[in-house]
**Q** 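I have a structure I would like to understand better, so I am pasting it below and will then ask my questions one at a time.
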Amino acid sequence: MRPRVLFQLAIALALPLQGQTITIGSKPFTESYVLAELMAQLITSQTGIKVDRRFGMQGTFTSFSAITDGSIDIYPEYTGTGALAILKSTDPADQGLDSLRAKFKRLYGLTWLEPWGFNNSWAIVTKQAFAARHNLKTITDLAQVAGVRGAFTHEFMQRDDGYPGLIAAYGLRLAEARGIQHVLAYDALAADQIDVMDAYATDGEIARYNLVVLQDDRSFFPQYLATPLIRLQTLEQFPGLASILNRFAGQISSEQMQALNHEAALAGNDYAVVVQKFIHDRTAGELVSRVEPRSPLLRQTRRHLLLTGLAVLFATVLAVPLGIVMVGRPVLSRVVLGVTGVLQTIPSIAMLGFMIPLLGIGVKPAVVALFIYGLLPIVRNTYTGIDEIDPHLIEVAHGLGMDRWRRLIWLELPLAAPIIFAGIRTAAVIAVGTATLAAFIGAGGLGEPIVQGLSFNDPAMILSGAIPAALLAMVIDAVLGWVEKRIARQPVGPG
Amino acid sequence: MITYLGVHKSYGEHAALTDFTLEVQRGETLALIGPSGGGKTTVLKLANGLLAPSRGTVLLDARPIDEWDRQELRRAIGYVIQQVGLFPHWTVERNVGVLPTLEEWPPEKIAARVNELLTLVDLEPDRFKSRYPSQLSGGQAQRVGVARALALSPAMLLMDEPFGSLDPLIRAQLQTELLAILKTVEVTTILVTHDLTEAFRMGTRVAVLADGKLEQIGTPAELLSEPRSPYLKRLIKANLLQVQP
Ligand SMILES: Nc1ncnc2c1ncn2[C@@H]1O[C@H](COP(=O)(O)OP(=O)(O)OP(=O)(O)O)[C@@H](O)[C@H]1O
Ligand SMILES: [Mg+2]
């Protein structure tokens with residue numbers, strides 16, 4: 001024990017930047033959460049460094065953009081994804097770690113630490129009974145069986161390194177091959193509606209349903225070795241970090257990862273405890289990590305309100321004056337309404353995606369995206385509210401010799417206020433709903449449990465975010481509706 | 001006081017006023033009658049600069065309207081529009097006090113003036129001051145409109161059918177009141193009306209405007225004894241028919 005303690009002390013001393021923060025990201029699926037949490041606990045249990053968890057980021061594009069612009073420092077990535085999706089290289093040589101490291105260093109200032117060991121490539125899986133009946137061990141064996149019914153994820157059906165390549169490589173001929181949602185495929189398989197499906201080699205369901213992975217005996221599928229992807233700058237800043245994160249390098253097998261994913265999925269919200277236990281057991285009790293308390297509802301709600309509030313505030317500050325200026329300028333109004341209208345039709349996930357290269361991840365891009373959605377209802381209502389004021393009143397104002405400013409403050413704004421406020425209310429309700437997606441770019445809020453629940457396929461967890469979000473939308477709508485009525489009822493005078 | 005010299009006004013293709021020449025003398029009340037769409041409102045808006053003539057000149061005290069600045073004009077001319085046009089979100093007090101407020105009078109002085117004006121138009125200040133326009137009858141609203149126009153004691157008052165759409169009895173009563181007011185405040189007035197009796201009763205002179213043209217102008221006696229304008233003739237005939245049992 002003693003040398004170990006000294007070793008740890010040495011590492012701690014080698015890390016002079018106590019109290020500094022490392023930001024760890026993950027993608028939105030169980031294994032990525034588990035590996036990211038594993039890295040987080042390895043760091044916090046052995047150093048004084050703080051870890052900021054930005055888990056559940058939407059896909060490779062978001063995570064990779066976030067690490068290249070420094071919004072996050074580390075996230076778990078797969079070598080095959082690095083070569084095929086990030087480098088967009090079909091050269092098998094690029095799937096090796098040496099080549100990946102060289103290219104990522106040169107192109108992105110990133111490096112790959114040591115793989116954990118398991119290969120989470122695509123796999124073809126089937127039930128034990130079916131494998132036994134046809135005596136199946138490999139995919140080559142499967143090619144000998146007639147009348148096989150398959151269902152595969154839509155992505156697998158599309159990609160060259162998926163279904164089209166697979167049938168070519170093995171000369172497979174399936175009786176049926178449908179596209180299906182991944183989680184549903186497991187149910188279909190269990191119900192004997194299909195015989196084979198694609199899976200990730202470490203899916204927790206493989207263990208849960210006791211399925212057989214058919215060997216890829218022709219090595220068709222590229223390797224997907226899970227590996228910490230890290231910024232070189234972070235490594236320089238924290239020199240001992242590599243050895244801390246490489247603690248379990250080459251030590252986690254596919255079966256072990258399957259079991260870990262399975263347990264984590266069962267634990268749901270408490271998956272961090274599963275990771276803590278894993279670290280404890282695998283280091284024979286040497287490393288005792290702390291589990292961060294779960295982000296409480298109150299904090300998520302506060303964050304949600306912050307995102308929404310800032311976005312609506314900024315949208316109001318821009319859109320109300322814009323709407324005022326538009327009155328009496330038909331060309332300008334058509335342009336503004338057209339542009340904000342088009343912005344409105346951009347799907348929220350895409351909008352958040354566009355923000356990342358410009359603003360990174362976190363609160364800032366989320367607020368900007370929500371702000372953009374808020375513009376149309378406010379600008380439109382301000383414009384119509386003022387435009388539809390009885391023209392005789394404006395004529396009287398001219399007759400009284402009121403200047404532009406007085407007309408605006410005394411007449412136009414007060415008379416249009418109920419309609420303008422209705423626009424602000426619409427914008428706020430849209431923002432509360434859309435803000436749940438902000439969790440995909442690490443902005444937190446009530447979307448956090450929703451995204452995590454989707455990743456873990458855990459309806460209760462999804463509801464723990466979705467219900468408060470819906471309630472919040474209703475409460476905000478009701479409160480603003482009440483304010484709106486008061487504004488409409490209570491006339492305001494000059495001065 | 002106010003002079004129209006060969007004024008043309010057209011909205012796009014349509015000529016609302018052609019070759020209109022007229023002088024309104026200081027102190028007189030000119031009643032302007034004519035069929036709907038004849039150009040009466042246009043004449044008023046040319047006087048206070050809400051419209052600019054397409055051709056010709058409008059002079060106020062021998063100075064072209066467009067040379068007056070906005071503040072001078074609002075002190076010189078009170079305007080009662082056809083649609084009443086009280087600000088719906090303001091109380092009667094604020095509506096009547098709007099011109100003094102624009103002139104930045106001290107609040108006490110505004111309050112006193114509002115009381116005075118409401119009394120003048122026969123609305124009990126304490127009962128009506130804090131009402132909103134939606135809480136007034138049509139006739140009360142029109143009186144508030146008159147009070148608002150008189151606030152700065154203008155030398156000139158433009159009234160566009162101030163008693164339009166009122167029942168005959170109230171109308172007659174308001175005419176009497178207005179005559180009294182006009183005597184008290186000594187103001188030059190152009191009063192637009194559809195109503196012949198009203199025109200003859202209120203006007204020191206009466207002008208007939210049809211199809212954008214000034215058809216006839218004179219004292220009520222002159223017009224009655226020698227009606228030349230076709231519109232006037234028809235109007236007199238219709239009125240006689242109405243009065244005969
Ligand atoms: N802003 C405008 N644009 C186009 N045409 C107008 C406009 N204002 C008035 N007109 C037209 O000019 C003509 C004169 O209008 P004006 O309002 O002066 O009539 P009026 O004598 O006041 O009628 P009424 O007794 O019905 O109030 C009408 O034919 C009217 O349709
Ligand atoms: Mg008119």
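The chains referred to below are lettered A, B, ... by the order of the sequence lines, with proteins before strands, and numbering in each begins at 1.
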**Q** Within the structure provided, determine whether Phe87(B) and Trp410(A) are in side-chain contact (heavy-atom separation under 4.5 Å).
**A**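 A side-chain contact under 4.5 Å is absent here.
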**Q** Specify which of Leu50(B), Leu86(B), Asn48(B) makes the most heavy-atom pairs with chain A at under 4.5 Å.
**A**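 Greatest number of close heavy-atom pairs with chain A: Leu50(B).
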**Q** Rounded to the nearest 0.5 Å, what's the gap from CH2 on Trp90(B) to CG on Leu411(A)? Could you check?
**A**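 Spacing of CH2 (Trp90(B)) from CG (Leu411(A)) equals 5.5 Å.
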**Q** Of all the residues in residues 73-84 of chain B, which have a heavy atom that comes within less than 4.5 Å of a heavy atom in chain A?
**A**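 Listed by number, the contacting residues are Arg74(B), Tyr79(B), Ile81(B), Gln83(B).
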**Q** Is it the case that atom CG in Asn115(B) sees more than 12 heavy atoms from other parts of the structure closer than 6.0 Å?
**A**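 Yes, because the 6.0 Å sphere around CG of Asn115(B) holds more than 12 heavy atoms from other groups.
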**Q** Please output the residues of residues 381-404 of chain A in contact with chain B, using a heavy-atom cutoff of under 4.5 Å, in numerical order.
**A**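 So far as heavy atoms go, His392(A), Leu393(A), Glu395(A), Val396(A), Ala397(A), His398(A), Gly399(A), Leu400(A), Gly401(A), Met402(A), Asp403(A) are the residues that approach chain B to under 4.5 Å.
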**Q** Under a 4.5 Å heavy-atom cutoff, which of Leu158(B), Val98(B), Asn95(B), Leu152(B) has the most pairs with chain A?
**A**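 Ranked by heavy-atom pairs under 4.5 Å with chain A, first place is Val98(B).
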**Q** More than 12 non-hydrogen atoms from neighbouring residues, nucleotides or ligands closer than 6.0 Å to CD on Glu186(B), yes or no?
**A**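 Open: at most 12 neighbouring heavy atoms sit under 6.0 Å from CD of Glu186(B).
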**Q** Tell me whether the count of non-hydrogen atoms from other residues, nucleotides or ligands lying under 6.0 Å of NZ in Lys364(A) goes above 12.
**A**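 Not buried by this count: 12 neighbours or fewer within 6.0 Å.
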